Structure formats: C-alpha cells, structure tokens
Number of protein chains: 2
Amino acid sequence: MTTRRVRRSGASFESHTSGVDLGPLPEYVGFVLRRVQSQVFADFIQSLNELDLRPAQFAILEAVDANPGMTQSDAGAMLGIQKANMVGLIAELERRGMIVRRRSPRDRRSYALHLLAEGGRLLRRARRLRDAQEARIANHLGQESRDRLLALLTRLAHLD
Amino acid sequence: MTTRRVRRSGASFESHTSGVDLGPLPEYVGFVLRRVQSQVFADFIQSLNELDLRPAQFAILEAVDANPGMTQSDAGAMLGIQKANMVGLIAELERRGMIVRRRSPRDRRSYALHLLAEGGRLLRRARRLRDAQEARIANHLGQESRDRLLALLTRLAHLD
DNA sequence: TATTGTTATACTCTATAACTATA
DNA sequence: TATAGTTATAGAGTATAACAATA
C-alpha cells in the first residue's frame, strides 16, 4: 500500500505494509522492550507447552537444581513470585513427582525443596527447548550482538 | 552472607546478597528480557497511574494522534490488542472526552477515531512521564548504549 | 511479635465464541 | 460470505488479607 513518513521529531519511522503507523512509539526503549518480550515469551510458552510446564515452573526447577534444599519462600522471593502464588506451582510439580518438599528440621515452618530424578529429566528437556530459542536469537542477531544485548539488558536491570 | 560461585558452564553468576542463586538463568536473553521488561513496565504503569491511564490507552492515544480517523480495529491490530478488548479501552477514553468515534461514511460498520483537545492534553502529559522514564534509562546506560540497546531490540523484534 | 505456608479472593490482561449491522 | 464492533465469558498472572503452626 502507501508508504508514509512520520512528520514528527528527527527519527523517521515508516510503515510499508499499511496506511497507518505507530507514531513515535518505536523510538522508545520501554515500548520496544515490551513488544519484543511479549513475542519471545509467547514463543517460549508455546514451546514449553509440550512439556505441560509453565515458565515460572521451569524457573523453579532451575532454582531448586542450583540450590538443593532451598525453601519455598526463598524461591519465590528470588523469582518475584508471591508466596501465595507459589503454592499451586509447587503443588503441581510435587503431584507430578518432579520435586519433594521435606519439613526442615531446623525450622519446621518451612519446606526444603529437592529435585527428584523425574524432575531432573523434565528440567533437561525444558533446557533443550530454551536452548533452541536462545540459538535462534543468537543466530538472528549474531553471537556478538547477542552478547551485547544480554549485557545491556543486565545493566538495565540495575536501573534505580 | 556467603558468596557462592555457580559450578556450571563457563559464565559464573554470583550472588552476594543471599545464600541462594538463580543458577544459569541470568545468562539467557529470554529470562533477562522478561525480568527487565517487568521492572520497566511496572514502573511505567505506576507513573501513568497519576493520569488514570493504562499503557494500552496511552498507546492508543499515540496511534490516533499519528493516524487521525483511523479505525478501531486498525489500532487494535497495530498494537496487538484483540478487538473485543479494544471496546472497553476506547469506551473509557470516549467517556472521559479524550477521543470521539464517528461512524465512517465510507464503511458504516466501522468507527473513525479522532483525538479531542482534552485527549491531546492528556497525551502530552503522558509523554512527559514516558520521557522522564526514557531519560532515566538513557542516563543509566549512557546515550550510546541506550541507542545500541534500542537497535538490538528492534532487530530482535524481527525474529522469525 | 514475626515468619512459613495456606486459603480465599479480587483485579488485570488476554483469548474465544456468538451476536448485530453492515459490506 | 466476510468484516467491524459488541457482549459474555473463561483463563492466566498477580496482589492482598487472614489464618494455623512455628519461631
């Protein structure tokens, strides 16, 4: 269709596919960050779907693997998940035989989380799916750009 | 507390604040992208809160400003919002006198969207809040790194 | 008094199906 | 037949408050 040039600011954003455009939005980090994250995350959700696993549960498996015996609320705090919302996620993983919760003898209010053999297998399968996505990203950007992007995002995570 | 070194892969991720760590997760673009976007987005939501405006509504105002007379479903398609979910967002903006919907004479099924004077004022106030956030980001990263980040994210948006 | 895990609940965002009026 | 907008609804993800057991 028509190609229009945005008549604002310096940076010109053009739309070649339709008569409408997003205005100045694609020039802002916050907007582009949100859009690209939604894409990448939706793609990962769909990928994990074949394992009947949600991203939060995958992250919990990684956390428990890295910190055997860690507490449920430690995992939640680390991943930014409310303790109330951890209950269901953990319960489902335990029901499927992926992890165990053992009452800690030192503090009997809390559970110590441990990965079971079946959970280890699930974790390895999930890692392969993640690795495939990461490989697509690295392939698309090139390894150097991919590394720069990760470094920049990590720095941005320390904003404020 | 203690400082532990992850004993996996090459890249070492260390936690200096607690005895637990996220394992290999911070080495992956998908994971870091998600975390940093959540931060930045939550910050922006809180900022827009003083205008009683949600990010999606701000984006709609930008789109209508850039494309006067655009259709409701065009805006939705452009922003990745289902037409069913556009209804409430648009209705609220119209109720507050920010935009008008005029039956298009060419296709009387659709509405042509136009920004009203009050909507223009709201848009300018929202832009100032966005600009403040963008300035904090640019200040934190440095202008060059900020520009590189935007370029990399834009390229990543074209994945697949 | 404070904290871990739990339940109940509510709010937002997102997704789908069915309807109407137009095309 | 197909599309624009609407309605109703259901599913996630996320947030808070209150409680029992334990510290």
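Each chain gets a letter, A, B and so on, in the order its sequence line appears, and its residues count up from 1. The structure displayed is predicted, hence computed values, not measured ones.
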Give each protein N/O atom lying under 3.5 Å from an N/O atom of nucleotides 8-13 of chain C, with the pair distance.
| residue | atom | partner | partner atom | Å |
| --- | --- | --- | --- | --- |
| dC13(C) | OP2 | Arg54(B) | NH1 | 3.0 |

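Checked against side-chain contact (heavy atoms from CB on, under 4.5 Å), Ala112(B) has the following partners two or more places apart in sequence or in another chain: His114(B).
Backbone-only engagement by Arg101(A) is indicated by non-hydrogen atom pairs under 4.0 Å involving sugar-phosphate atoms exclusively. Counting any heavy atom pair closer than 4.0 Å across all strands shown, Gln82(A) reaches a base atom.
Formation of a donor-acceptor pair under 3.5 Å by the Arg35(A) side chain with backbone atoms of Ala157(B) is not found in this model. Side chain of Glu134(B) to backbone of Gly30(A): a donor-acceptor contact under 3.5 angstrom is found. Within the 3.5 Å criterion, the main-chain N or O of Ala63(A) finds a donor-acceptor partner in the side chain of Asn67(A). Within the 3.5 Å criterion, the main-chain N or O of Tyr111(A) finds a donor-acceptor partner in the side chain of Thr71(A).
The phosphate of dT14(D) has neither OP1 nor OP2 within less than 4.0 Å of any side-chain N or O from Ser38(B). For the pair Arg108(A) and dT22(D), the criterion of a side-chain N or O lying under 4.0 Å from OP1 or OP2 is met. In this model, the phosphate group of dG5(D) is approached by a side-chain N or O of Thr71(B) to a distance below 4.0 Å at OP1 or OP2.
In summary, Asp43(A) and Arg136(A) engage in a salt bridge, as defined by a charged side-chain N under 4.0 Å from a carboxylate O.
Between Gln72(A) atom CD and dG5(C) atom P the separation is 5 Å, expressed in whole Å. Atom CZ of Arg103(B) is separated from atom C1' of dA23(C) by 13 Å (rounded to the nearest Å). The nearest whole Å value for the distance from the CZ atom in Arg102(B) to the C1' atom in dA4(D) is 18 Å. Counting to the nearest Å, the P atom of dT14(C) and the CZ atom of Arg35(A) are 12 Å from each other. Rounded to an integer number of Å, the gap from Asn49(A) CG to dA15(C) P is 14 Å. Distance Met86(A) CE to dT4(C) P: 12 Å, rounded to the nearest Å. dT6(D) atom C1' lies 14 Å from atom CZ of Arg109(B), rounded to whole Å. For the pair Asp107(B) CG and dA2(D) P, the interatomic distance rounds to 16 Å; values are reported in whole Å.
By the 6.0 Å and 45° rule, Arg130(A) stacks over the aromatic ring of Tyr28(B).
Along DNA chain D, the nucleotide nearest Ser104(A) and the nucleotide nearest Phe41(A) are compared for position; the residue whose nucleotide lies closer to the 5' end is Phe41(A).
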